Each structure stands twice: as C-alpha cells, then as structure tokens.
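Fair warning: this is a prediction, and the values are worked out from it, not measured in the lab. Numbers restart at 1 for each chain; the letters A, B, ... are given by sequence-line order, proteins then strands.
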2 protein chains.
Amino acid sequence: MRRQITGFSNPTVKYLRSLRDKKHRKRSGQFLVEGLRLLEDARSIGRLPQMLVMAEGRDDHALLARLEADVMAAGGEVITTTPDILSKITGKDNAQSVTGVFDEWDTRLAALTRSAAPIWLVAQALRDPGNLGTMLRTGDAVGAGGLILIDECADPFSAEAVRASMGAVFTVPVAQARWEEFLPWLRAGEGQLVAASLRDAVPYRAADYRAPCFILVGNESQGLPEDYEAACDLRVTMPMLGRADSLNAAVAAAVLGYEVLAGVER
Amino acid sequence: MRRQITGFSNPTVKYLRSLRDKKHRKRSGQFLVEGLRLLEDARSIGRLPQMLVMAEGRDDHALLARLEADVMAAGGEVITTTPDILSKITGKDNAQSVTGVFDEWDTRLAALTRSAAPIWLVAQALRDPGNLGTMLRTGDAVGAGGLILIDECADPFSAEAVRASMGAVFTVPVAQARWEEFLPWLRAGEGQLVAASLRDAVPYRAADYRAPCFILVGNESQGLPEDYEAACDLRVTMPMLGRADSLNAAVAAAVLGYEVLAGVER
C-alpha cells in the first residue's frame with residue numbers, strides 16, 4: 001500500500017513519533033530504523049520494514065527504489081511525506097531521507113542456541129545505548145552467538161543503539177534477562193562464564209578460555225556486583241597502566257572478545 | 001574570590017553557557033568540566049579549575065569542600081548559584097551539582113615527547129566526541145604517550161569527550177594536526193606508523209610492532225584515505241567474521257592498542 005501524508009497532526013505521524021520512546025516501543029512492539037544504509041543492510045539479509053517512510057524531493061536512488069519495491073511486494077506500506085514531517089518523526093533537524101518501521105523480535109533467552117557459536121557477549125546493567133550498539137557491532141565481528149543483556153539495560157531497539165550497531169542489530173541475536181534467569185539458563189548446559197575483573201583475576205592473555213565462552217562486562221559506573229563476579233568460572237584482568245581502573249564497557253568486551261577468539265579451545 | 005549569582009541574565013552565566021559551543025571555547029580558550037568525580041580526578045593530579053560553579057542546596061560533601069578550598073587558595077573563583085541556573089549553563093535538566101571552568105592547553109605536536117611512551121594513538125577525522133573520549137580513556141589504560149587527532153576531528157574539550165574520557169583528558173596528552181604536518185613530524189624521528197586496514201595487511205596478532213608505535217585509525221564512516229594507509233609502515237587486519245567490514249573506531253584502537261602493548265619490542 002502506498003499513501004501520502006501532508007499533515008503534522010496525522011495519527012500515523014503521531015504513532016511513528018511515539019516510537020522514539022521506549023515505553024511506546026514496548027507497547028507496540030515496533031521500532032524505527034533511520035537511513036538508507038541501515039535499511040539496505042537489513043534488506044540484504046531478508047529483513048524488510050513493515051512501513052517505509054520517505055521524504056519527498058529526495059534524490060532518486062536505485063537502492064531506495066529497490067527497497068520500496070520489495071516492501072510493496074511483501075505487503076508493506078510505503079508512505080511519502082515532507083522533509084519537515086520526517087524530521088518531526090525522527091526528532092532530528094537533518095533527518096535521514098528515509099525511515100523504516102520494523103517489528104521487534106523475541107529477545108528471550110529461550111530463543112538462543114548456545115551451540116551456535118564459541119563466543120557470547122553478556123552485559124550487565126549497560127546504560128548507554130551507544131555502548132550497546134557498539135557491542136552488537138563487535139559481536140558481529142568476533143562471530144558471537146549473541147549479546148545477552150542482564151538486568152536493566154539500555155534498549156537494543158532505540159535509535160541510538162540501532163545506529164551504533166551499524167546494522168548488527170539485525171545479525172547478532174539479542175536476549176534480555178534478569179540475572180536470576182540467566183544463571184540457571186547458563187548452568188543448564190555447557191558454558192564458561194568469564195568476567196573482566198580487578199579482583200582475584202588471572203591475566204587475560206594467559207587465561208584458559210573454553211567454548212562456549214560467555215564474556216561478562218558490568219555497568220559503566222559500578223562495574224559488576226561482587227556476587228555476579230563470584231559466580232563466574234574465570235575472572236580475568238587487563239593491564240591498566242594509567243590512573244583509571246577500568247575501560248569503557250564496549251572496549252573491555254572487544255579486547256576480551258578478540259582475545260577469546262584467538263585463544264578459545266573449541 | 002567567592003560570589004553568588006542569582007539572575008539568569010548575569011553575564012557570567014551567559015559566558016559559561018557559551019562554552020558549550022566549540023567556537024566560543026576556541027575564542028576564550030576555556031572549557032567546562034561537569035561533575036565532582038571528574039573535578040576530583042583533575043584535582044588529584046594537580047589540575048584546578050579557574051572557576052568553580054556550584055548549585056546551592058547541594059549536600060555537603062568533604063571532597064567538594066576540599067576542592068572549593070583548593071580553588072580559593074590557588075586564586076580561583078567560586079560561584080554559588082541556583083540549580084536552575086546551573087542547568088541552564090550545562091544544558092542538562094539534571095545538571096551535576098558542580099561544574100568547573102579550565103583553561104585549554106597546548107595541543108600542538110611540538111608539545112609531545114615521542115620517547116615518553118612506546119604506544120601512541122592517532123585518529124583521523126574522528127567525528128564522535130564519545131569515541132574521542134573513549135580513546136583517551138583507552139590511551140590511559142595502555143600507557144599511551146598521547147592521542148594525536150589528524151584533520152578535522154571532534155573537539156577533545158567538548159563536554160561529551162571530557163565525560164567519555166572519564167578524566168583521561170587530564171592525563172593523556174592530546175595533539176591536533178593536519179596530516180601534512182603530522183607526517184613530516186613523525187618522519188623526523190623514530191616511529192612506526194601502523195594502520196588498521198583491510199588492504200594488503202598482515203594479521204594483527206602476527207605483526208612486528210616496534211616502539212614508538214603509532215596506531216592510526218580512520219574516520220567512522222569512510223575509514224582512512226588510501227594515501228594515508230599507503231604512507232604507513234605496517235597495515236594490520238583484524239578478523240571480521242560477520243557481515244560488517246569494520247569495527248567502531250575506538251574499539252579498533254583498543255584491540256590494536258592492547259595487542260601492541262603485549263607485543264611491542266621496546
């Protein structure tokens with residue numbers, strides 16, 4: 001279906017605008033993906049938006065034309081509107097000229113297959129959606145089976161997380177769970193839980209990693225709770241030669257992820 | 001000196017507010033540092049703000065009292081104001097209860113001492129101040145001599161970069177230079193220039209790193225210009241097992257930085 005929207009007060013505009021807000025995303029089960037590059041990444045792996053919203057007066061673009069055709073062929077909706085209305089939807093002065101609306105997917109632990117990969121990333125109380133997206137992007141690079149978000153984390157379907165993931169939100173499975181759910185799930189099968197830690201830890205380059213290896217990083221300001229660290233099979237430490245005692249959470253996950261990738265026994 | 005500001009239209013409020021803007025920071029040579037934690041990090045290594053701005057009605061805090069006394073003793077100014085005015089200055093609804101104003105420092109290449117460290121981080125056209133701050137933080141951790149910003153980069157004195165650096169802006173030297181200045185400076189002394197690259201590259205874990213090793217990462221969306229890569233002494237590649245062909249710039253710098261730290265011949 002194709003239609004045009006010219007009024008700011010159109011209910012669809014109001015709905016799309018509401019998707020910038022986590023509460024409304026949870027209620028509707030949909031999220032926004034901004035920009036042709038991300039939408040093309042999604043399309044290339046067979047993920048199409050339910051709705052495509054394009055600004056009038058955009059340059060013709062072969063990729064956009066194909067995307068439009070694919071969305072129509074799949075029974076989706078293509079909406080044309082003004083650049084101003086698109087800016088209102090995305091909340092950006094210089095909105096990308098196209099935005100897609102996708103259905104969120106199942107993010108329960110039960111949807112993961114732990115034998116699918118030797119490396120998994122696990123983040124606890126990760127607050128920054130940029131860090132979350134960066135971890136997804138790193139997960140894609142190291143071939144991680146997925147990113148597991150423990151306790152209250154940023155929303156993987158927020159615009160900032162999607163953007164920082166550079167499309168990895170579509171390729172790297174995400175699960176969300178409380179620690180009380182995660183630990184029994186982990187212990188019900190194979191899996192080595194490894195924490196980046198300052199306490200009672202072995203040097204990260206001398207550690208014995210075993211697949212499937214679950215790399216756990218903690219909250220940006222508090223780090224991991226002590227009992228979470230204690231529940232790990234292995235605590236590793238990275239050199240900290242300066243004044244600080246920790247790395248950015250996404251950086252810690254990446255340095256460990258690449259180390260595990262090089263050293264894990266499969 | 002100590003004074004109280006109660007009016008939104010006070011010229012000092014206007015001045016402080018202007019420091020959120022890069023253009024005004026460059027003109028005045030000053031920048032803002034928000035929050036007691038960062039200010040205390042700075043104080044602990046002997047860096048004091050010229051001006052300390054505190055919200056009234058804050059909780060008494062021993063660290064803040066000491067900071068206040070140190071700023072006064074050093075001839076600085078302590079300003080008390082309302083939470084609303086402080087929010088107006090920082091542009092945040094929930095402003096930290098204290099903000100400091102520091103003089104910017106010399107960021108010319110000439111201020112660096114290349115023999116000071118075996119590792120240096122170099123970023124080209126880095127646009128994201130969060131990435132910049134994260135690279136400073138990583139630089140602190142791997143004992144880097146400094147971060148060299150090539151071409152048009154984000155401002156290391158922006159609030160976002162300072163915050164992401166977690167105080168490393170005070171401990172890790174920063175230099176800003178055009179490529180045309182940087183390359184002759186580098187070649188005028190010892191130094192191995194290493195790029196994270198996809199072209200004609202050796203695996204990053206098998207490469208021969210030599211101190212002082214300058215790790216160069218490119219712009220977030222374009223990567224490094226071809227001729228910059230060609231000018232490097234060594235091009236290394238990291239495994240990319242997924243669909244993406246690059247890592248976040250700050251992540252790439254960290255993974256390489258830790259590899260060089262482990263393997264560099266000094």
Original post:
Is any NZ, NE, NH1 or NH2 atom of the basic residue among Lys22(B) and Glu152(B) found under 4.0 Å from an Asp or Glu carboxylate oxygen of the other?
Top reply: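 Yes, charged N to carboxylate O under 4.0 Å.
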Subject >> chain A-proximal positions within residues 39-49 of chain B [heavy-atom distance under 4.5 Å] >> reply: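 Expected list: Asp41(B), Ser44(B), Ile45(B).
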**OP:** Taking atom CZ of Arg114(B) as the centre, report whether more than 12 heavy atoms of other residues, nucleotides or ligands fall under 6.0 Å from it.
**Re:**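 Yes, enclosed.
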Subject >> Flag if over 12 foreign heavy atoms under 6.0 Å of CZ, Arg243(A) >> reply: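 Above 12, so yes.
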Original post:
Where does Phe170(A) contact chain B at under 4.5 Å (heavy atoms): side chain, backbone, both or neither?
Top reply: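 Contact with chain B is absent: no heavy atom of Phe170(A) under 4.5 Å.
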**OP:** Could you tell me which of Ser246(A), Gly139(A), Ala164(A) has the largest number of non-hydrogen atom pairs under 4.5 Å with chain B?
**Re:**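 The option with the most such pairs is Ser246(A).
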Taking the side chain from [X] and the backbone from [Y], do they hold a donor-acceptor pair closer than 3.5 Å?
X: Gln176(A); Y: Thr107(A); result: no
X: Gln124(B); Y: Leu224(B); result: no
X: Arg127(B); Y: Asn219(B); result: no

Original post:
Given that the side chain runs from C-beta out, which part of Val255(B) has a heavy atom under 4.5 Å from chain A: side chain, backbone, both or neither?
Top reply: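 Interface part for Val255(B): both.
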Original post:
Tell me, side chain or backbone of Ala244(B) under 4.5 Å from chain A's heavy atoms, or both, or neither?
Top reply: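 Contact with chain A: backbone and side chain both.
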Subject >> Top of Val251(B), Leu256(B), Leu247(B) for chain A proximity - count of heavy-atom pairs under 4.5 angstrom >> reply: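 Top count of heavy-atom pairs under 4.5 Å with chain A: Leu247(B).
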Original post:
Who among Met166(B), Arg205(B), Met240(B) has the most heavy-atom pairs with chain A under 4.5 Å?
Top reply: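 Looking at each of Met166(B), Arg205(B), Met240(B) in turn, Arg205(B) comes out on top.
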Subject >> Interatomic spacing from OH in Tyr258(B) to OH in Tyr204(B) - rounded to 0.5 Å >> reply: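 The distance works out to 13.5 Å.
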Subject >> Between Thr90(B) and Glu34(B): side-chain donor-acceptor atoms closer than 3.5 Å >> reply: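 Side-chain D/A pair, Thr90(B) to Glu34(B): absent.
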**OP:** Under the ring pair (Phe, Tyr, Trp, His ring centres under 6.0 Å) rule, collect the residues that match up with Tyr228(B), sequence neighbours excluded.
**Re:**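 Partners of Tyr228(B) under the ring pair (Phe, Tyr, Trp, His ring centres under 6.0 Å) test: Trp179(B).
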